[in-house]
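This report refers to the structure that appears directly beneath it.
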2 protein chains.
Amino acid sequence: MADVAEKAGVSRALVSIIFRNQAGASRETRERVLRVADEIGYRPDSAARLLARGRSRTLGVMFTVHQTFHTDLITGIYPEAERLGYDVLLSGATHGRSEAKAVEALLSHRCEAVILLGPDAAPAYLDELGQRTVAVSVSRRVPQARVDFVHSAEAKGVRQAMDHLVELGHRRIVHIDGGRGPGSAERRRAYRAAMRRHGLEDEARVIPGHHTEESGIETGCLLLAERDAGRPLPTAVLAGNDRCAMGLLMALTRAGVEVPRDLSVVGYDDSHLSHLMPIGLTTVRQDAVLMAEHAVRFAVERLENGELQPREAVLDPKLVVRGTSGPVPKAAGPA
Amino acid sequence: MADVAEKAGVSRALVSIIFRNQAGASRETRERVLRVADEIGYRPDSAARLLARGRSRTLGVMFTVHQTFHTDLITGIYPEAERLGYDVLLSGATHGRSEAKAVEALLSHRCEAVILLGPDAAPAYLDELGQRTVAVSVSRRVPQARVDFVHSAEAKGVRQAMDHLVELGHRRIVHIDGGRGPGSAERRRAYRAAMRRHGLEDEARVIPGHHTEESGIETGCLLLAERDAGRPLPTAVLAGNDRCAMGLLMALTRAGVEVPRDLSVVGYDDSHLSHLMPIGLTTVRQDAVLMAEHAVRFAVERLENGELQPREAVLDPKLVVRGTSGPVPKAAGPA
DNA sequence: TACTCGAACTAGAGCGCGCTAGTAGAGCGC
DNA sequence: GCGCTCTACTAGCGCGCTCTAGTTCGAGTA
C-alpha cells in the first residue's frame, strides 16, 4: 500500500480511501492510484483490514458436508450475503470434526456471526455461543438458547402431506422419523396428530430412523422382511427427509415394489435430490433460498442494530406433488 | 490479551508464548494463564495473528457444493491439515458464484495456498493463480498451468472396469462421458482404448453426458426410448461417475430393467453414494482420503520448502465389484 | 567467590491497514 | 480584505498479535 502511495505520489490514507470506495478523492487521482495498484499487483490485505476496522463483515456458516439440503441452503446464502456487503466463510462438520470445532474455526477467523445449518450440538453450547456472538440456527429450534432461529412450520408441512395421502385413500401410513435430526420431533408429533385427526390412530406407526439414505434403505428392508413374514406393507410412507425417502425408494423399487402403484412415498425438504427420480419425488418443499435469506438477514440485522432480541422466522412449507404418491392400491384397501 | 496478562500477572509476550504452545513458560504459569484466559473468555484473534506473523497457516479449499465426491475429499482434507498445523477455509462454487469468485474470497482471507477440487476454470486462469500463490488441482489435470496436481490414474481404473465387464461376457458396453468434467477426457480415451483392445471397436459408443444424476436419468431415458424403437439396450454401461450411474439406475429400475440381470452398471469415484443401492454400486474407487492427503501435503511442502516445482501425484484407482455388475444376459448374447 | 548458563520472563517494534483530526487551497459573499 | 465553506488530501495512532533482543535470577561450575 505504501508502495502504491509512493508511486502514485499520494499518501497511504488516500489509497485507503480509494480502495474503500469512499468519497474524498478526485476522479483523476482515483484512476491513477487504481492503475498503479494494478501494475504493482496490490490487493488489500483483509487480515489487516479486519484488524484495523474492528469489523470483519464476514459471516461464518457451519454445515454438515454430506447433507444435500445444506448445500441447497449455502447456494442461497452467498448471494444474500453479498447483497448486504458481507463475506462468507464455510466450515464443515464431518465425521471426526465436531460442530464445535467447525464453529471455533469460524470464530477465530473473525466471523462476526455464525449461521448454523441444522446444528446438533447441545442447547447449552448453543446458548453459550449465542451469548458470545450472534448465532442463527437454521432448521433446529432451540428455545432455550439465545440464538435466532429460522425453520419452516413443520406441522403445516406434515399436515399437508398427510391430508394429501388420506385424500388418496391411504390409511396404513407409516412415518420414518429423523431421530435427533433437525425438525424431526415436530414432524413426528405432527404425524401423530394428523393420524389422530383422521381417526387413524390405530394405524399410526413411527419407525425410528435418521436423515440419511442408509436409514431409508434399512427401513425398506425392514418393511420387506415384515411383508415376507405376513404383515402387509403400508400403503404410504412419510419419510423423515428426502435422503431417507430416496433410500427407501431404492430398496423398494429394487425388490419389485412399484411406486406409486403399490406404495406411495413422500419426502421432506425438496432438496435437489427430489428431481432425481424420473417421476419426481412428492415432498414437502422447504424453500432453501428463502430460509437462507432469512438467516443472513437475521444475522446482519442483529449485528448492525445492536442488541436485538433473538428472533424466529417460521416459513410456510408447501407440499409438492410429483410422481411418488398416488391412489391407494386396490388390493390393499383398508387394513 | 492485555487483560489476561494483567490478571495473571505476566507480560503479554508470555501469554503469546503460552498460546502458541511454545517453550519458555513454566508449567504453573502456563496453567494459571490458561485458567485466567478461560475465565475472561479470551481467544486469540486470528486476524491479528496473521498480520503479526506474516503467515496465516491457512489452506483454502474451493469446491462445488453439489458434488458428493468433493464432500468426501473435504472429509479427508481437514484431519491432514490439522495434523500439519494448518487451518482450512472452505469456499463453494455454486450456480451464480463462479470458481474465480470463490477463489478470490479465499485469497483475500489470506489463505497461503488454494486446493481446487475438480476446477473447471480456464487453464490460463489456473496458471495465473499458480503464479501468484500455491495452487493444487485435484482431479483435473492442467499440464499448461503451474499448479500441483493430484488425480487417479483414470486409464487404469477404466481398464479394470472394462476388463471386468468383458470377462462377464459383455460386448455391447456403452460409456456415458462426463463432458468437461474432471477426468472425463482420460476416461473417454481409456474406454475407447479398452474397447479396441478387446476387439470391440465396432460396439464402442460414447454418449455425451455430465457428472450429474440428471445426466444419468437423461441417458437412461434415451436408451429406453431407443429400445422401444427397436435398438437393443446395451448390456453394460460405464458411467462417467457415481452420480451419473445413480441417475441411470433410477431411470432404468423405474422402467422395469433389472440390474444387473438385464444390464450391468459401473460407476466411478466410489463416493458415499455407492453404498446407497441395497446391492451396492460396482464402481472404480478413487481413494478420496488419500487424494485429500496428497493435496494437503503438496500445498504444505510447497509453502515450507520454498519454490519447489509443481508436482503430480497419480494414485491407483481400484475397481470395487458390488451388486450392479453381473454376467451378460442370456437373451442378449452377442449383438 | 566469581563466573557462566539456561530457564523464565519482558520491553517494544512492527505487521498492513482504517480512521480521526487535521491542513492547504480554491471559491464565495459581504 | 476578511471569514467562511467545501473539496482534496495528509499525519499518525491504534487494531491485537508475534517476534527479536534483551533482562533477571537461581543453580551449577571452576
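Per chain, numbering begins at 1; letters A, B, ... match sequence-line order. Just the heavy atoms: all of them, side chains too, but no hydrogens, waters or symmetry mates, feed the values below. Bear in mind that the values here come from a model prediction, so they are computed numbers and not experimental data.
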Polar contact flag, side-chain donor to acceptor under 3.5 angstrom, T75(A)-R97(B): no

Say whether R20(B) and S16(B), considering side chains only, have a donor N or O and an acceptor N or O under 3.5 Å apart. yes

Under 6.0 Å from the NE2 atom of H66(A), do we count more than 12 heavy atoms belonging to anything else shown? yes

Residue E82(B) excluded, over 12 heavy atoms near CD under 6.0 Å: no

Mind checking salt bridge (charged side-chain N to carboxylate O under 4.0 Å, His left out) for R57(A) and listing every partner two or more places apart, or none if nothing turns up? E304(A)

Does atom NE2 of H151(A) have more than 12 heavy-atom neighbours from other groups under 6.0 Å away? yes

Between R27(A) (CZ) and dC9(D) (C1'), how many Å, whole number? 18 Å

In this structure, how many angstroms lie between the P atom of dT10(C) and the CD atom of E6(B), rounded? 13 Å

Angle by which the axis turns from one end of the helix from dT1(C)-dA30(D) to dC30(C)-dG1(D) to the other, five pairs per end, to 10 degrees: 50°

Is the number of heavy atoms from other residues, nucleotides or ligands within 6.0 Å of CD (E6(A)) greater than 12? no

Taking OP1 and OP2 of dA7(C), is either one under 4.0 Å from a side-chain nitrogen or oxygen of S26(B)? no

Hydrogens and angles aside, do T71(A) and T68(A) bring a side-chain donor and acceptor to less than 3.5 Å of each other? no

What is the separation between atom CD on E28(B) and atom P on dA7(C), rounded to the nearest whole Å? 16 Å

Give the B/S/- string for nucleotides 14-25 of chain D, one per nucleotide from 5' to 3', where a protein heavy atom under 4.0 Å of the base yields B, of only the sugar-phosphate yields S, and otherwise -. BBBBBB------

Can you tell me if T29(A) touches the phosphate of dA8(D), counting only side-chain N or O atoms and a distance under 4.0 Å to OP1 or OP2? no

Return the value, rounded to whole Å, for the distance between atom CG of D3(A) and atom C1' of dC15(C). 14 Å

